[in-house]
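These notes concern the structure reproduced below.
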Amino acid sequence: MIRVRFAPSPTGHLHVGGARTAIFNWLFAKHHGGTFIIRVEDTDLARSTAESETMVLDDLRWLGLLWDEGPDVGGPHAPYRQSERVSRYGQVARGLLQRGIAYRCYCTEEELEAKRKVAEAAGRPPHYDLTCWLNRRDDDSLPHAIRFHVPEDGDVTIDDAIRGEVTWKRESLGDFILVRSDGLPTYNFSVVVDDHDMEITDVIRAEEHLTNTHRQVLIYRAMDWLIPHFAHVSLILGQDRTKLSKRHGATSVAAYAEAGFLADAMVNYLALLGWSAPDGRDVFDRDYAITNFELDRVNSAPAVFDPQKFEWLNGQYIHAMTAAALRPLVVGAIGVDTPWLEEAIDVVKTSVHLLPQFREAIRFVTEYAAPEIDRGFAAAVAADLRENGSPRDADAVRAMNERLKKATGLKGKELFMPLRLALTGMDHGPELVRAIPLLGRASESDPGVLSPLARIEQCIR
RNA sequence: GGCGCAUUCGUCUAGGGGUCCAGGACGCCGCCCUCUCACGGCGGUAACACGGGUUCAAAUCCCGUAUGCGCUACCA
């Protein structure tokens, strides 16, 4: 049984990098019929907040990445918040202490800093100098951290699902902290205890954790715990090829949601950053991604986030959705609802890529200012509308056009452009065979919308 | 500095020794459709970081260099 987890630190909104890691974990779990777990890594008290946790969870829900076990829904290995698991880390650390694998370190941060400087100046790696290891004491009354002693046979090789074999030499590591002097565990320690306790089978996480795996495997070995499979996903970069951050503009999932991107499009786009479909398609739904997702199709090179392609993809989703499905999203995005909105969405949706763009796209319905046009032409249009009524469908528009052709002697562009200008007030917009019936119907159901006839009459005045 | 990871069109990528003078997508350019703007269709532009090997044959394997990134914390 596959069990994976996404382990965010609650320090703000979910970012696209984290979102992609979550998506890969979720897809992997779904593909294998496994369990998707959320674990909150909030041992950094200075940066973690309860509000952030709520935001991150809300962002994940918005993306539709629902979890089977987590801090809010519980599960067989609760609690799923590291701050609530501190006693367990202490318990494991004491075991390591008793077995002489870990030891108490009484060095202060200032002392360590000084030692590091000396080591670097001497051209040696800035590893811990082992003072407290050589001088072991068991004094619980003095402030101290708990350090892991790297064994002689500390070489580690993992078979990463994305990168293949990765090897580290024992020498590249110094003795590292398991539990800080404030009693809280460090990331490398808590992550191992939790992944073991929660029976995680596959650890899929960002590449920045790759070299941490060396330490973690050593802890697994010391505990004689089963080591999970690892998969390290590369970073997402900004346009300047540095790690995506705030100065690249919007980076949080919430910001993109606010900008009018759809959750499905975001999942699709982020999955495409690193993963590729076996048949090469770029647009796919969740079911397709779930059935086809494999770690061996995940690229190991970092990917640059491309807002243009993301926007194009979002447009593909909007164009493919029905107006009825789009309507509530559009109402949410533009804050306007009208009886004619659904028809308007259907008429204009191919011109929008982002939800808020509907506002501008339907402006020709809600706003009208009479343009300067030939009065004779306007009079002919007005006469036709009075006599035949406002066209209610595309065929009726075409019939009206035929009559106007005869009445005015105009055709093609000479006919349609003035007509478009007179009725919509704009020189561009959706095709007239759709726009004119929409205006007629909208004016019937909404007193705020001028009918085609009312519009043409304003041109004559 | 040490260790680790990465390097195919501007961007996302396919590719796993011959089928690759490298395929798809976004972008850009052109054409078509067309009353306009979009949508859509068709076509074009553009890449194997560099240097050595191995091999009959290398984008694909090996080594080195360069560049980028990550870790090297009592952050995660």
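Letters A, B, ... mirror the listed sequences (proteins, then strands); counts begin at 1. Below, each value reflects all heavy atoms present in this structure, side chains not excepted, and no hydrogens, waters or symmetry copies.
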Q | Nearest-angstrom distance from the residue atom CG of A:Leu272 to P of B:A14 | A | 10 Å
Q. Which value, in whole Å, describes the distance between the C1' atoms of nucleotides B:C21 and B:A47?
A. 13 Å
Q: Could you check whether A:Leu415 gets within reach of a base, just the sugar-phosphate, or nothing at all, counting any heavy atom under 4.0 Å?
A: nothing
Q | Any donor-acceptor pair under 3.5 Å from A:Glu41 side chain to A:Gln82 backbone | A | no
**Q.** Sugar-phosphate, base or nothing in reach of A:Arg297, heavy atoms under 4.0 Å
**A.** sugar-phosphate
Q. For B:A14, does either OP1 or OP2 sit under 4.0 Å from a side-chain N or O belonging to A:Ser276?
A. yes
Q. Just how far is it from atom CD1 of A:Ile177 to atom CG of A:Asn188, taken to the nearest 0.5 Å?
A. 11.5 Å
Q | Touch class at under 4.0 angstrom, heavy-atom based, for A:Thr167 against every strand present | A | sugar-phosphate
Q | Whole angstrom value for the distance that separates C1' of B:G15 from CG of A:Asp279 | A | 15 Å
Q: Look at all strands and tell whether A:Asn212 reaches a base, only sugar-phosphate, or nothing, counting heavy atoms closer than 4.0 Å.
A: base
Q. Say you pick atom C1' in B:C3 and the same atom in B:A58; how far apart are they, in whole Å?
A. 30 Å
Q) What distance, rounded to whole Å, do you find between the two P atoms, one in B:A14 and one in B:G23? A) 15 Å
**Q.** Residue met sooner reading RNA chain B from 5', once A:Tyr106 and A:Lys309 are mapped to nucleotides
**A.** A:Lys309
Q | Residue-phosphate contact under 4.0 Å: A:Gln316 side-chain N/O, B:G40 OP1/OP2 | A | yes
Q) NA contact type, A:Asn401, heavy-atom cut-off 4.0 Å: base, sugar-phosphate, or nothing? A) nothing
Q: Report which part of the nucleic acid A:Thr211 touches: base, sugar-phosphate, or nothing (heavy-atom distance under 4.0 Å, all strands).
A: base
Q: State yes or no: are the ring centers of A:Phe310 and A:Tyr256 separated by less than 6.0 Å?
A: yes
Q.
Given B:U72, B:U36, B:C71, identify the nucleotide with an atom nearest to the side chain of A:Pro126.
A. B:U72
Q: Let me know which of A:Asp59, A:Val56, A:Leu60 forms a side-chain contact (heavy atoms from CB on, under 4.5 Å) with A:Val253.
A: A:Asp59
(Q) At 4.0 Å (heavy atoms only), tell me whether A:Pro185 reaches a base, stays on the sugar-phosphate, or touches nothing. (A) sugar-phosphate
Q: Take atom CG of A:Asp282 and atom C1' of B:U11, then tell me their distance rounded to the nearest Å.
A: 12 Å
(Q) Does the structure place the NZ or CZ of A:Arg136 under 6.0 Å from the centre of the six-membered ring of A:Trp133, at an angle of no more than 45° from the ring's axis? (A) yes
Q: Answer yes or no: does a side-chain N or O of A:Arg116 lie under 4.0 Å from OP1 or OP2 of B:C74?
A: yes
(Q) Tell me the interatomic distance from A:Tyr317, atom OH, to B:A25, atom P, rounded to whole angstroms. (A) 17 Å
Q: Look at all strands and tell whether A:Leu210 reaches a base, only sugar-phosphate, or nothing, counting heavy atoms closer than 4.0 Å.
A: sugar-phosphate
Q.
Looking at A:Thr43, I'd like to know whether one of its side-chain N or O atoms comes within less than 4.0 Å of OP1 or OP2 on B:A76.
A. yes
Q: Give A:Gly174 one of three labels, base, sugar-phosphate or nothing, depending on what nucleic acid heavy atoms sit under 4.0 Å from its own.
A: nothing
Q. Under the 3.5 Å rule, do the base of B:C35 and the side chain of A:Arg420 count as making a donor-acceptor pair?
A. yes
Q: Tell me whether the centres of the aromatic rings in A:Tyr187 and A:His209 are closer together than 6.0 Å.
A: yes
Q.
Taking the P atom in each of B:C56 and B:G43, what is the distance between them to the nearest angstrom?
A. 41 Å
Q | Side chain of A:Glu431 - closest among B:U13, B:C5, B:C35 | A | B:C35
**Q.** Atom-pair distance (CZ on A:Arg215; P on B:C3), nearest Å
**A.** 15 Å
**Q.** Euclidean distance for P, B:C61 against B:G16 (whole angstrom)
**A.** 10 Å
(Q) If you assign each of A:His127 and A:His319 to its closest nucleotide in RNA chain B, which residue comes earlier from the 5' end? (A) A:His319
(Q) Can you tell me which nucleotide in B:G10, B:A6, B:C35 comes closest to the side chain of A:Asp306? (A) B:G10
Q. Would you say A:Asn188 reaches B:C75's phosphate, i.e. side-chain N/O to OP1/OP2 under 4.0 Å?
A. no
**Q.** A:Phe148 ring center within less than 6.0 Å of A:Tyr103 ring center
**A.** no
Q: Look at the side-chain N and O atoms of A:Arg180 and state whether any lies under 4.0 Å from the OP1 or OP2 oxygen of B:C75.
A: yes
Q: Quick one: label A:Gln239 by what it contacts on the DNA or RNA (base, sugar-phosphate, nothing), any heavy atom closer than 4.0 Å.
A: nothing
Q. Any cation-pi pair here, A:Arg5 with A:Phe36, using under 6.0 Å and within 45°?
A. no
Q. If you look at every strand shown and take non-hydrogen atoms under 4.0 Å, does A:Arg434 touch a base, only sugar-phosphate, or nothing?
A. nothing
Q.
What contact category does A:Cys105 fall into here, base, sugar-phosphate, or nothing, at under 4.0 angstrom with non-hydrogen atoms?
A. nothing
Q: Would you classify A:His214 as touching base, sugar-phosphate or nothing, given that sugar-phosphate means primed atoms plus P, OP1 and OP2, and contacts are heavy atoms under 4.0 Å?
A: nothing
Q. NA contact type, A:Pro430, heavy-atom cut-off 4.0 Å: base, sugar-phosphate, or nothing?
A. base
Q: Between B:U7 and B:C28, how far apart are the C1' atoms? Round to whole Å, please.
A: 25 Å
Q: Could you tell me the separation between the CG atom of A:Asn268 and the P atom of B:C12, rounded to a whole number of Å?
A: 17 Å
Q: Can you tell me the distance, in whole Å, between the CZ atom of A:Phe284 and the P atom of B:U13?
A: 12 Å
**Q.** Ring centers of A:Phe6, A:Trp26 separated by less than 6.0 Å
**A.** no
Q: Kindly indicate whether the side chain of A:Ser181 and the base of B:C74 share any N or O donor-acceptor pair separated by less than 3.5 Å?
A: yes
Q: Calculate the interatomic distance between A:Glu110 atom CD and B:C74 atom P; express it in whole Å.
A: 12 Å
